[in-house]
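I have placed the structure first, in the form of structure tokens, so that the comments after it can refer back to it.
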Amino acid sequence: MLKKKILLGVTGSIAAYKTAELIRLLRKNNFFVQVVMTKSAKQFVTPLTLQALSGNPVLENMWDPSEGNGMEHINLSRTSDLILIAPASGNFIAKLANGLADDLLANLCLARSCPLLVAPAMNIEMYNNKATQRNIETIKKDGILISGPDSGEQACGEVGLGRLINFESMMLDVRKVISHQIFLNKKILISSGATLEKIDEARAITNLSSGLMGLNLAKEAYAMGADVTVISGHSNYEFPPCIRTIKAIDHDAMYQSIISNIEKNDIYISAAAISDYKPLYTPGKIKKKNENISLELKKTKDILSYVSKHFGHKFIVGFAAESENLIENARDKLISKNLDIVVANTIKDSMGKPKAKMVIIDENENTPLPEAEKEVQSRIILEHIFKFFSKAKTYDSIN
Ligand SMILES: Cc1cc2nc3c(=O)[nH]c(=O)nc-3n(C[C@H](O)[C@H](O)[C@H](O)COP(=O)(O)O)c2cc1C
């Protein structure tokens, strides 16, 4: 695959030391990295470190004839797929908002023809300052994209918004900016993970869904430009902060959350393993006895059927995890629940596993996918959904 070129601008924020790790990550993700630093950034991290990690000379001085052909203040951004400013200081954001070009990095931003992604990192007061907020609004209006910041403990000891966004979310934003955003302006709701039904105050029954499929679908949909909301049951994974996540641990919470969010979305992907039965709840703790005991299980409401009956104007995707007759059972689900697409997978090959063997079932055909990591499968599934969704003119678009 051809490498994409990122021009990484590093400015004078205390978070500049983190760029060493960021460069490694970008290179691991097959990017060619050209670092340009501001003078202040060099107070926080040495050019030598970033040069060694990026494998390219670090540039800073637009007046140094030994740095390129003398026109690097415009050439570098012309040959880049993206300029990423990480971390972006309050000062540098102010320069962007006003179109200043008093150093090499600011010149490259002004003379660019590629997208510009800015990851602010500064003290909470500096970030909340009206001038900074005004500058951020201005650069957003100018079409500059913002990644973060995160909230949390800061270098100065204060707690709040202003930390450099975590790299997992930043990488999703990078992918989003340079990819073809097929779901731009579309809203996708995904239910994910396992539900957990309480037996008594201390015990519960659940299933082996890990939440990995839902996590990957959410991340890929986000990178494809969608506004993503996840309703997450019990999961072994954390969702990155750029994905709106609502916790719903048991069947009833899942039902309530799905029903109250679906109307706001264009597409609903039901990837959660939601309990078909739940135990009758016993208050307190059931005392241990010498003999066996039985649990009475009550049938739960079929959420997917309910959704397709009442929200059939949305594009609805179901998942079918089967132990036998995979295709027949999945096609039966597609028809009986009136779904747009069903993704069929065998439990032994997919549930709780990093990889999956899947078949996409639609009204016309069955499309088997090669066995692959769930990240790869998610991308193929979403492209398939897009193909059908964009053909389906009759679906309500909320935009
Ligand atoms: C110790 C120290 C830490 C700083 N940390 C930050 C920071 O995290 N974010 C920020 O926007 N500015 C920070 N500043 C201020 C900037 O370095 C200063 O505004 C500088 O002019 C930015 O230059 P540049 O935008 O050209 O890189 C810090 C300054 C000092 C002395």
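This chain uses plain numbering: 1 for the first residue, then up along the sequence. Just so it is clear, the structure is predicted and the values come from calculations on it, not from any experiment. Counting starts at 1 for both ligands and their atoms, following the listed order.
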Residue pair Ser147, Asp173: steps toward the side chain to side chain donor-acceptor pair (under 3.5 Å) verdict | CA-CA 7 Å; Ser147 186; Asp173 283 331; 2.7 Å; yes
Glu263 versus His313, side-chain donor and acceptor atoms under 3.5 Å | yes
Could you note down all residue pairs passing ring pair (Phe, Tyr, Trp, His ring centres under 6.0 Å) where residues 191-243 supplies at least one of them, sequence neighbours left out?
-> none
Residues in side chain to side chain contact (heavy atoms under 4.5 Å, CB included) contact with Glu365, at least two apart in sequence or another chain = Asp362, Thr367
Are a donor atom and an acceptor atom from the side chains of Asn129 and Thr132 found within less than 3.5 Å of each other?
-> no
Sequence neighbours excluded, which residues qualify as ring pair (Phe, Tyr, Trp, His ring centres under 6.0 Å) partners of Tyr255?
-> Tyr306
Proximal protein residues to ligand 1, non-hydrogen atoms under 4.0 angstrom | Thr11, Gly12, Ser13, Ile14, Thr38, Ser40, Phe44, Ser89, Gly90, Asn91, Phe92, Ala121, Met122, Met126
